[in-house]
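The structure appears below as structure tokens.
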Amino acid sequence: MPFLEMVGLSKSFGATKALDSVDLAVDTGEVRALVGENGSGKSTLMRILAGVIHPDQGRMRLDGREYAPHNPSDARRHGVAMVHQELSLCNHLSVAENVFLGVEPSRLGVLERNELERRTRDALSRLGYPDLSVDLQVGKLPIATRQIVEIARAVAIGCRVVVFDEPTSSLTEEDTERLFEVVRSLRNSGHAVVYISHFLDEVREVCDTVTVLRDGEVVPGDGAGRDGFSADPVGSLSNEEIVRRMVGRSVDELYPRSERRPGEVVLEVRGLTGRQRPSAVDLSLRRGEVLGVAGLNGSGRTELLRAIFGLDPVVRGEVRVAGILRSGAPFESWRMGMGMLSEDRKQEGLALGLTIADNMTLPCLHRFGRWGWVDHRAEEATARSWAESLGIRCRGVGQKVSDLSGGNQQKVAIGRLLLHDVDVLLLDEPTRGIDVVSKSQIYQLIDRAALQGKAVLFVSSYLPELLGVCDRIAVMRRGRLARTLPASEWTQEGIMAEATGA
Amino acid sequence: GSSTESKASEETPKATGTPSFKIAVIPKGTTHEFWKAIHAGAKKAASELGVEVIWKGPVKEDDRESQIAVIEDFITRGVDGIVVAPLDSSALVAPIEEAIGKGIPVVIIDSGLNSDKYVSFVATDNYKGGKLGGEHLAKLLGGKGRVVLLRYQVGSASTQEREKGFLDAMKENPGITVVSDNQYGGATTETAQRAAENLLAPLKKPDGTLSIDGIFCPNESTTVGMLRVLQDAGLAGKVKFVGFDSSPTLIAALEKGQIHGLVLQNPFNMGYLGVKTMVSHLKKESVEKRIDTGATLATPENRNNPEIRQLLEPPRE
Amino acid sequence: MRRSETWRGVLNTASLLAAWLVIFLVFSVLKPESFPSVRNLETILRQSTIVAMSALAMTYVIVSAGIDLSVGSIAACVSVVIAVLLKDGYGPWTAVAVGLACGAAIGLLNGVLIARLKVGPFIVTLGTYLIVRGVAKGLGQEQTVDPQRQVWLNDLLGSLGPEERWRIFPNGIWLLIALAVLAALTLRHTRFGRHVVAIGSNEQAARLCGVNVEATKVWIYTLSGLFAGLSGLMLFSRLRLGDPTAVVGMELEVIAGVVIGGASLSGGEGSVVGSIIGVLIMYTIRSGCAQYGLPNWVQEIVTGAIIVAAVALDRLRLRKTA
Amino acid sequence: MRRSETWRGVLNTASLLAAWLVIFLVFSVLKPESFPSVRNLETILRQSTIVAMSALAMTYVIVSAGIDLSVGSIAACVSVVIAVLLKDGYGPWTAVAVGLACGAAIGLLNGVLIARLKVGPFIVTLGTYLIVRGVAKGLGQEQTVDPQRQVWLNDLLGSLGPEERWRIFPNGIWLLIALAVLAALTLRHTRFGRHVVAIGSNEQAARLCGVNVEATKVWIYTLSGLFAGLSGLMLFSRLRLGDPTAVVGMELEVIAGVVIGGASLSGGEGSVVGSIIGVLIMYTIRSGCAQYGLPNWVQEIVTGAIIVAAVALDRLRLRKTA
Ligand SMILES: Nc1ncnc2c1ncn2[C@@H]1O[C@H](COP(=O)(O)OP(=O)(O)OP(=O)(O)O)[C@@H](O)[C@H]1O
Ligand SMILES: Nc1ncnc2c1ncn2[C@@H]1O[C@H](COP(=O)(O)OP(=O)(O)OP(=O)(O)O)[C@@H](O)[C@H]1O
Ligand SMILES: [Mg+2]
Ligand SMILES: [Mg+2]
């Protein structure tokens with residue numbers, strides 16, 4: 001009998017059927033990959049396991065006993081821990097307090113600080129971060145480090161099942177490597193691990209078996225799984241096969257790149273310096289060109305985009321769009337034909353409480369109607385056509401964005417830029433959390449935009465896509481642009497060496 | 001709520017030779033004409049007697065705690081005497097007795113205090129005033145009819161006395177029924193106006209006239225609020241209306257016959273006698289324990305008598 | 001708004017209206033001889049107008065995830081300004097114009113402090129709540145100011161004489177209705193309105209999307225000050241005098257009305273028509289209780305209970321349909 | 001607290017304390033003969049105690065990103081309950097126990113409505129603000145209630161006679177100090193305190209981590225009710241009677257004190273000691289203005305301006321160091 005057993009789980013959100021009679025079994029000493037398109041129900045399934053939401057139907061067994069967690073702390077008591085897709089930390093608490101939030105060591109309600117900090121340090125050492133100071137406020141840490149804290153939370157307390165929901169989406173190669181070590185050691189010490197990812201290479205590297213979800217159902221495998229549960233050893237499947245199972249057809253030509261002919265310079269950045277980062281960045285971008293920016297986490301790529309766009313204060317330097325100096329806030333940047341996609345869609349990218357159409361048309365409401373009035377019908381029609389062409393899974397553009405899966409939310413944010421028809425696109429990690437198929441869709445959109453004479457500044461931590469999509473790639477190091485070369489002259493190793501300054 | 005503090009210290013030749021006392025005068029609030037008149041009276045006494053009067057009301061109008069703080073601040077600051085209109089007959093006992101304990105004598109004006117350690121109590125007899133108003137209304141109605149009372153505010157001793165006096169006067173007239181006596185106007189004219197509207201709405205007959213014959217209000221804000229409602233509904237003058245206290249608005253209504261009687265106190269005298277009594281006490285002269293400043297009835301008929309005029313439009317500060 | 005949402009909006013408004021009707025009916029049954037009449041309805045409307053006027057703009061403030069505690073003080077201050085000017089012999093139009101300008105200027109100050117200094121709206125408007133009240137008292141020399149003049153302002157909220165019945169409502173109420181329609185349309189159908197909603201829903205996202213967040217906020221609070229000024233005008237019209245201590249605590253009534261009307265204090269949600277009905281519900285309860293002869297303290301209890309119940313039911317209903 | 005954070009906390013508290021000292025010194029220079037004295041300090045403390053007591057628990061409420069508008073009503077109601085019981089011949093201990101239990105019960109009601117019904121704290125406590133005020137008036141039969149008894153409760157905040165000077169402060173102030181220390185330690189060093197911060201910082205995250213958000217909230221509001229009850233006890237002790245109309249608007253003073261003390265209304269930030277100093281700053285200004293003889297309206301303007309300025313300066317300072 002498998003250690004963890006989920007049988008016939010179903011879950012609907014209103015009219016959306018997120019899960020339809022899903023069976024899943026994971027054993028101790030096993031790392032199970034859970035893959036599938038955006039919105040296929042991976043997070044929902046694991047949130048049920050972690051007690052965040054309750055299934056409409058079906059039941060679970062853990063270690064041979066009936067398991068029906070009332071809430072997350074109940075699940076934790078049963079030894080189930082989860083690293084959530086969206087960060088869930090308390091910025092005002094320290095690292096140690098966050099790691100043990102809800103299960104603090106205490107006597108008569110009084111915290112035992114020394115114990116708390118010692119155990120946190122232990123956990124961080126096991127993750128390979130012995131030097132992270134445990135009494136810093138989490139709000140002061142960079143995003144990547146916060147992800148580490150989030151992971152430490154799952155492994156610090158004694159648990160038997162650990163779920164990782166896209167844990168590497170903001171980690172560097174190096175951090176990812178360390179995380180894999182942790183996952184392996186969890187497996188070796190007899191934990192059951194579920195690992196959700198859109199990176200098949202990662203799956204291949206760290207997982208033992210794989211289960212594919214499609215439209216809320218498990219795609220039946222070759223029968224190699226135990227006890228009728230569908231799971232295949234990773235080694236027995238090719239990447240193409242996994243993708244075929246995910247989308248029901250094979251997908252090829254991952255990185256489309258048409259013949260582009262760069263035109264005149266449209267974005268010109270001179271000596272741009274922010275409060276901390278970036279420092280003295282020069283770059284110029286032509287129409288029809290895609291410029292990639294690579295770099296380590298914390299190297300300041302996000303800050304570069306924010307400074308160009310006018311979201312962060314600029315200490316020195318200037319930004320010109322089509323020769324005109326940008327002097328003010330983001331609303332001016334839009335007016336000048338520049339648009340930006342934020343890497344943090346929950347905090348900044350999207351108004352989650354508003355509808356898909358509201359979010360997509362917000363920057364360009366002036367195009368619908370006149371004298372400040374908004375013509376809803378035109379607005380909605382435009383939004384609908386873009387939602388369709390982006391393949392956003394929704395009941396209609398009147399649906400709230402918060403109801404969408406992570407990947408589909410990202411598509412809404414991208415749709416906004418394309419719809420507005422700006423000349424310069426600033427994209428910060430545009431494919432974060434996006435499934436393989438949608439990724440290639442987004443690459444196509446970027447390619448098409450470039451063909452139409454738009455200029456794209458493409459920041460990403462995923463080197464293959466930079467190499468595949470960009471014309472030129474710049475590497476960023478400690479806030480400065482180190483070197484810019486045509487994409488064809490870069491290799492992954494070359495970029496990494498440049499980024500680390502080796 | 002608020003009040004101005006101002007100092008009045010004028011050296012008059014008459015007063016040379018007397019030590020210049022510092023006397024705090026503490027009203028209940030300041031936005032009513034009434035307190036301005038008290039202030040004027042206190043200043044007159046100050047200039048006549050050559051003492052310094054410091055005028056300071058509670059920061060929050062009609063707030064007992066706030067008035068206690070004012071007294072405490074004066075104790076800390078050190079004055080020679082305190083003249084105070086206590087917002088509450090019990091709550092103010094402790095701070096006032098503390099002042100007395102620290103050697104600062106206290107004269108009470110306007111409303112009573114449950115203590116006998118004060119020097120003197122200078123005030124209108126509010127019960128008598130209310131009764132005066134009630135008797136006038138009864139006379140206007142010929143001893144029969146239906147009347148309403150719009151009360152002022154929860155827990156205000158002086159107006160409760162008046163309300164009680166009024167109701168007792170009604171009891172003496174078996175032909176009169178009190179239709180409503182449980183609605184409160186609240187602290188300001190605006191709340192009183194709303195309360196009056198709601199009080200009268202169910203008493204309107206289909207033809208728009210009122211099913212009552214008489215109205216009594218126990219202070220300025222309720223009287224003004226009620227007056228506005230009557231004016232609005234075109235009923236002013238059609239129902240017998242007796243109010244309390246005076247203000248330009250009320251005088252105008254009295255002249256137009258929209259108000260049939262105003263019970264007037266003598267706030268100027270209250271302020272004047274309050275300070276004067278205090279100074280006498282400080283000069284070690286003996287003073288009366290109770291000084292009645294009197295209540296008078298102003299009617300459309302007698303409003304031009306000089307002494308009534310004086311009360312209707314007391315000198316203000 | 002999206003079609004589905006328009007529907008939801010209409011449904012919400014309808015259910016609020018139904019709630020109001022039920023309350024009105026209950027009191028009509030309790031007081032059949034006087035409560036269910038056009039005149040009584042007019043009385044309730046006249047009483048609500050002061051608060052409702054501020055509630056129009058407060059809807060914008062709350063939808064943008066802000067709050068404005070200074071509206072009561074502004075209303076009182078504007079009533080004093082108007083009274084002082086009238087007393088000094090200025091014409092009523094001048095008085096009204098200057099009064100409203102003062103209101104808008106205070107709102108502008110609020111807006112600038114909030115948008116530029118990034119101090120939370122609660123604190124800024126708590127500050128102006130005190131400051132403006134103090135200014136009002138200073139202006140009025142700690143007195144009510146009675147201009148003792150017969151001007152048209154006095155009749156904005158007066159009840160109509162028999163020969164004027166054809167106008168149905170006094171001008172002040174018509175003004176309220178007109179402004180409510182305008183405000184409702186603006187919130188739903190203009191760019192400004194959509195920006196207000198976006199800021200309330202996620203300010204950072206709005207900024208990223210090119211909304212001029214600072215300018216929009218300054219506008220919102222200026223509007224709030226202007227409408228609080230209109231409340232002050234109505235207040236003057238009712239009292240026929242300027243009263244620096246009037247409408248203490250009005251801000252809480254305004255906010256309660258807006259929230260009963262379906263707005264969420266965390267922003268992004270709310271409707272102008274709902275807010276008006278919310279205010280109306282409160283005043284109907286109050287008037288009903290008073291006319292039924294309940295003591296004031298029972299009125300307070302009933303009003304409080306209904307506020308909580310209305311919002312609680314709303315949440316329950318939403319949770320069911322969600 | 002973290003070592004680095006402890007430092008930041010100490011610095012914040014120190015700068016607040018410095019601000020208070022400056023204000024105290026300014027008035028001492030203006031009124032050198034009476035202001036800078038132990039007696040005057042004691043007077044200011046005695047005046048602040050009612051508000052400060054509620055500010056202790058309000059710190060928790062605000063740190064948890066909530067708000068409690070009902071504290072003033074609860075304080076008034078509890079003062080009436082105590083007075084009624086004393087009048088009916090019960091002993092002072094019984095009266096205090098029942099009074100505080102009533103306060104806690106109302107807080108519990110707030111908490112349950114907020115945590116279970118998921119109605120926002122603003123609305124729930126706005127409702128109880130009205131309801132409890134009404135109940136207080138009903139209990140007191142629309143009167144102040146004077147028990148006319150000499151009990152030790154009366155002296156909790158009385159000024160000390162010369163033979164008692166060795167106690168420095170009256171018992172009520174000692175109680176405040178003890179509870180403040182307790183509350184400060186609890187917020188920093190217990191699980192409960194950390195959960196309060198977690199909820200205010202990121203409620204969803206706290207829930208995901210197994211913090212019992214609902215239970216914690218119920219506790220927070222119950223505490224707030226209990227401490228508002230203590231404010232009521234202090235109020236009774238000052239007035240020596242139960243006053244259903246007392247301390248109107250106290251909730252805004254309490255909130256202002258907490259925010260001046262460094263708390264953020266969006267949650268996660270705030271300190272108990274800061275809140276106490278915040279309240280003290282307000283009352284020092286008030287007392288100083290009064291003793292310097294400024295008119296009340298000037299005093300209101302000054303207080304309002306200082307509230308805004310204090311918070312604005314704080315934000316500027318933070319932005320610089322950030
Ligand atoms: N709270 C919710 N309300 C309504 N619909 C929801 C909610 N949460 C998830 N859904 C829907 O359930 C489906 C499955 O979502 P889920 O988040 O499980 O997808 P996922 O596989 O994790 O996708 P991704 O790879 O993008 O993270 C989606 O269609 C989504 O729109
Ligand atoms: N709350 C915060 N306070 C101060 N600085 C922050 C905060 N959050 C993030 N940062 C800064 O912003 C950057 C965000 O981290 P991130 O790992 O995203 O780096 P990045 O430069 O944007 O590169 P990348 O795009 O690879 O993420 C870090 O350099 C960090 O210094
Ligand atoms: Mg997911
Ligand atoms: Mg980044």
Side-chain angles (χ1 to χ4, degrees), chain B residues 1-4 29-33 35-36 39 57 59-62 151 153-154 179-180 182-208 211 220-221 224-225 227-229 231-235 247-252 316-317, chain C residues 27 30-31 33-35 37 39-40 42-44 46-48 50 75-76 79 133-134 136-138 140-148 154-155 157-162 170 235 238-241 243-250 283 286-299:
Chain B
S2 79
S3 99
T4 322
T30 43
T31 35
H32 293 307
E33 302 283 330
W35 303 113
K36 296 282 168 181
H39 191 185
V59 179
K60 290 194 221 151
E61 199 108 352
D62 299 327
R151 289 179 186 264
Q153 195 167 334
V154 172
V179 179
S180 162
N182 74 345
Q183 296 295 308
Y184 287 80
T188 67
T189 310
E190 186 255 339
T191 52
Q193 185 177 356
R194 207 162 57 206
E197 238 168 13
N198 289 330
L199 174 63
L200 294 187
L203 300 173
K204 273 192 195 151
K205 289 193 284 205
D207 62 357
S211 66
E220 185 199 330
S221 63
V224 173
L227 174 68
R228 286 294 184 238
V229 174
Q231 287 174 337
D232 255 4
L235 293 168
S247 79
T249 313
L250 295 179
I251 296 168
R316 302 193 285 131
E317 194 34 59
Chain C
F27 284 115
L30 291 175
K31 268 271 164 198
E33 66 283 8
S34 69
F35 204 83
S37 73
R39 286 303 96 188
N40 185 44
E42 191 207 296
T43 305
I44 296 174
R46 289 195 295 126
Q47 292 179 357
S48 336
I50 296 173
S79 85
R133 194 56 88 168
K137 287 176 189 165
Q141 289 164 326
E142 310 205 286
Q143 288 277 333
T144 55
V145 180
D146 189 347
Q148 305 232 346
N154 293 355
D155 304 320
L157 277 183
S159 75
L160 297 173
L235 178 64
R238 250 174 98 70
L239 300 180
R240 289 170 209 183
L241 39 81
D243 182 354
T245 59
V247 290
V248 169
M250 172 178 128
Y283 274 85
R286 183 172 293 174
S287 176
C289 288
Q291 295 191 25
Y292 189 58
L294 294 178
N296 285 32
W297 61 274
V298 178
Q299 288 175 38

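In what follows, chains are A, B, ... by sequence order, proteins preceding strands, each numbered from 1. Predicted, not measured: the structure shown is a model, and the values here were computed from it.
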(request) Examine whether an atom of B:Thr249 lies under 4.5 Å from a heavy atom of chain C, and if so say whether it belongs to the side chain, the backbone or both; otherwise answer neither. (result) both
(request) Answer with side chain, backbone, both or neither: which region of C:Arg133 has an atom nearer than 4.5 Å to a non-hydrogen atom of chain B? (result) neither
(message) The test is side chain to side chain contact (heavy atoms under 4.5 Å, CB included); show your working for B:Ser180 and B:Leu199 and say whether it passes.
(response) CA-CA 8 Å; B:Ser180 162; B:Leu199 174 63; 3.3 Å; yes
(request) Could you tell me which residues satisfy salt bridge (charged side-chain N to carboxylate O under 4.0 Å, His left out) with C:Lys31, sequence neighbours excluded, listed by chain and number? (result) C:Glu33
(message) B:Arg228: which residues meet the salt bridge (charged side-chain N to carboxylate O under 4.0 Å, His left out) condition with it, sequence neighbours left out?
(response) none
(request) Answer with side chain, backbone, both or neither: which region of C:Leu294 has an atom nearer than 4.5 Å to a non-hydrogen atom of chain B? (result) backbone
(request) Could you look at C:Phe35 and say if it's the side chain, the backbone, both or neither that has a heavy atom under 4.5 Å from chain B? (result) neither
(message) As an exercise: rank B:Ala233, B:Gly186, B:Pro248 by heavy-atom pairs under 4.5 Å with chain C and give me the winner.
(response) B:Pro248
(message) I need the C:Phe27 CZ to C:Gln291 CD distance, nearest 0.5 Å.
(response) 9.0 Å
(request) Check whether any side-chain heavy atom of C:Arg238 lies under 4.5 Å from a side-chain heavy atom of C:Gln47, and answer yes or no. (result) yes
(message) Counting heavy-atom pairs under 4.5 Å with chain B, which one of C:Asn40, C:Val247, C:Leu157, C:Thr144 comes out on top?
(response) C:Val247
